[in-house]
Amino acid sequence: MTGSASPISLTGKKVLVTGGTRGIGGAITVAMAEAGADVVACYRRGGPHLAALERKLADTPGKHHLVRADVTSSTDVAALMTACGERFDVLDVLVNNAGIISHVPFAALSIEEWNRVVNTNLTSVFSVVQAALPLLSANSSIISIGSGSALVGLSLRAHYTATKSGLLGLSRSIARELGPKGIRANVISPGVIQTERKLDQAVIDRYEGMTAVGRLGRPEEIANVAVFLASDLSSYITGANIDATGGI
């Protein structure tokens, strides 16, 4: 995970990133901080990546905090908002990045696994946004991380693609309802992104061949889009789905 100074300034903005310590989420956390924002990033499980992120944030100006929270738990979500309120008073940007994926044939997909993925990828966004409403400032930005698969579907991932499609409808409804309060809501839909998760070379070759740019995406390329949507430069963009798939 690497970042670079952003030409867009988020100085003074207060940001919450769920699932914000590794992969795309970690890149977003770093990019927001490097753009001048104060950032709270939550995570469900610890690991060596936390220490690396803490070191990175310690070297980045601003007030940054890592908070353990399971966004599928109403108790944890309430505690997360209390932590944000104690540190920042308000939130200007909310990034919904926490999510999971599994690969299961539709005929074998259990209701338990369906609920696990739906609760993490979709219901948690409802819960976090609703709980954050008292903290969201005027002209705030809600950014949810979707998937390019939402509009095409994927074999073995009916539950996953259903959540990402649902995220589009949820975000657009939020944009409609909260727009008069100055709150914007948008979705970024990444393609295949090369994170620290290892991919087989055959998978890499296949997906690279499907993209217009001939390569996989980088986490910081999704983070750059998030920084733009967090900034006042995107003040007239809401209810949008930003395709970031490399032309897959």
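Quick caveat: nothing in here was measured; it's all calculated off a predicted structure.
- For C42 against T21, the heavy-atom pair with the smallest separation is O-CG2, 4.3 Å.
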Using the rule given for side-chain contact (heavy atoms from CB on, under 4.5 Å), can you reason through M32 versus L10, listing the C-alpha separation, both sets of side-chain angles and the distance that settles it, and then say yes or no? CA-CA 7 Å; M32 295 285 182; L10 299 180; 3.4 Å; yes

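- When atom types are taken as modelled, the side chain of T18 and the backbone of A98 share a donor-acceptor pair closer than 3.5 angstrom.
- The side-chain heavy atoms of S234 and R184, taken from C-beta on, include a pair separated by under 4.5 Å.
- A side-chain N or O of S189 and one of N241 form a donor-acceptor pair less than 3.5 Å apart.
- At least one side-chain heavy atom of D232 sits under 4.5 Å from a side-chain heavy atom of K13.
- The same ILVMFWY cluster, assembled from side-chain heavy atoms under 4.5 Å apart, contains both V128 and L178.
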Chi angles and distances behind the side-chain contact (heavy atoms from CB on, under 4.5 Å) call for N96, I145: CA-CA 6 Å; N96 298 297; I145 306 303; over 6 Å; no

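- Judged by distance alone, the side chain of H64 and the main-chain N or O of V39 form a donor-acceptor pair under 3.5 Å.
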Would L135 and C84 count as a side-chain contact (heavy atoms from CB on, under 4.5 Å) here? Give the steps. CA-CA 8 Å; L135 291 175; C84 289; 4.0 Å; yes

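- When only modelled atom types and interatomic distance are considered, E220 and N224 share no side-chain donor-acceptor pair under 3.5 Å.
- Within the 4.5 Å cutoff, side-chain heavy atoms of L136 are placed close to those of I142.
- Put simply, the side chain of T211 gets close to the backbone of R215: a donor and an acceptor are under 3.5 Å apart.
- Note: the hydrophobic cluster containing L122 does not contain V117 (ILVMFWY, side chain heavy atoms under 4.5 Å, direct or indirect links).
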May I have the step-by-step check of side-chain contact (heavy atoms from CB on, under 4.5 Å) for I204 and Q201, ending in yes or no? CA-CA 5 Å; I204 294 174; Q201 189 59 48; 3.9 Å; yes

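- The shortest side-chain heavy-atom distance between L94 and I143 does not fall under the 4.5 Å cut-off.
- Taking 4.0 Å as the cut-off between side-chain N and carboxylate O, R172 and E177 do not count as a salt-bridged pair.
- Using modelled atom types, one side-chain atom of T120 and one backbone atom of R116 make a donor-acceptor pair closer than 3.5 Å.
- Contact check for T72 versus T123: no side-chain heavy atoms found under the 4.5 Å cut-off.
- Applying the side chain to side chain donor-acceptor pair (under 3.5 Å) test to R176 and every residue at least two apart in sequence or in another chain returns nothing.
- Pairing each heavy atom of L50 with each of Y43, the nearest pair is CD1-CE1, 3.5 Å.
- Counting only heavy atoms from C-beta outward, the side chains of N121 and I100 approach each other to under 4.5 Å.
- Across all non-hydrogen atoms, the minimal contact from N186 to T238 is OD1-CA, 3.1 Å.
- In this structure, CG in N97 is found 5.0 Å from CD1 in I28, a value given to the nearest 0.5 Å.
- Hydrophobic clustering (side-chain heavy atoms under 4.5 Å, transitive across Ile, Leu, Val, Met, Phe, Trp, Tyr) groups V15 together with I8.
- Each of V67 and V17 belongs to its own hydrophobic cluster when Ile, Leu, Val, Met, Phe, Trp and Tyr are linked at side-chain heavy-atom distances under 4.5 angstrom.
- Atom OG of S165 is separated from atom OH of Y160 by 10.5 Å, given to the nearest 0.5 angstrom.
- One finds the CG atom of L133 at 9.0 Å from the CE atom of M81 (value rounded to the nearest 0.5 Å).
- Here the closest non-hydrogen pair linking H159 and S102 is NE2-OG, 2.7 Å.
- Distance alone, capped at 3.5 Å, places no donor-acceptor pair between the S73 side chain and the A69 backbone.
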Evaluate side-chain hydrogen bond (donor to acceptor under 3.5 Å, both in side chains) for D92 paired with S140, printing each intermediate quantity in order. CA-CA 5 Å; D92 302 297; S140 56; over 6 Å; no

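- Atoms CD1 and OH, from I193 and Y207 in turn, are 12.0 Å apart once rounded to the nearest 0.5 Å.
- A heavy-atom distance below 4.5 Å is not found between the side chains of K14 and V93.
- Checking side-chain atoms of R44 against main-chain N and O of D70 turns up no donor-acceptor pair under 3.5 Å.
- Scanning all heavy atoms of the two residues, the minimum distance from V77 to A131 falls at CG1-CB, 3.6 Å.
- A heavy-atom distance below 4.5 Å is not found between the side chains of R87 and K63.
- To the nearest 0.5 Å, the span separating CG on N119 from OG on S127 amounts to 8.5 Å.
- Judged by distance alone, with hydrogens and angles left aside, the side-chain atoms of T161 form no donor-acceptor pair with the main-chain N or O of A150 at under 3.5 Å.
- Rounding to the nearest 0.5 Å places OG of S110 at 8.5 Å from CG of N115.
- Residues P190 and I222 come closest through the heavy atom pair CB-CD1, 3.8 Å.
- E208 places no side-chain N or O within donor-acceptor distance of the main-chain N or O of D205, the cut-off being under 3.5 Å.
- V129 and V95 end up in different hydrophobic clusters when Ile, Leu, Val, Met, Phe, Trp and Tyr side chains are linked at under 4.5 Å.
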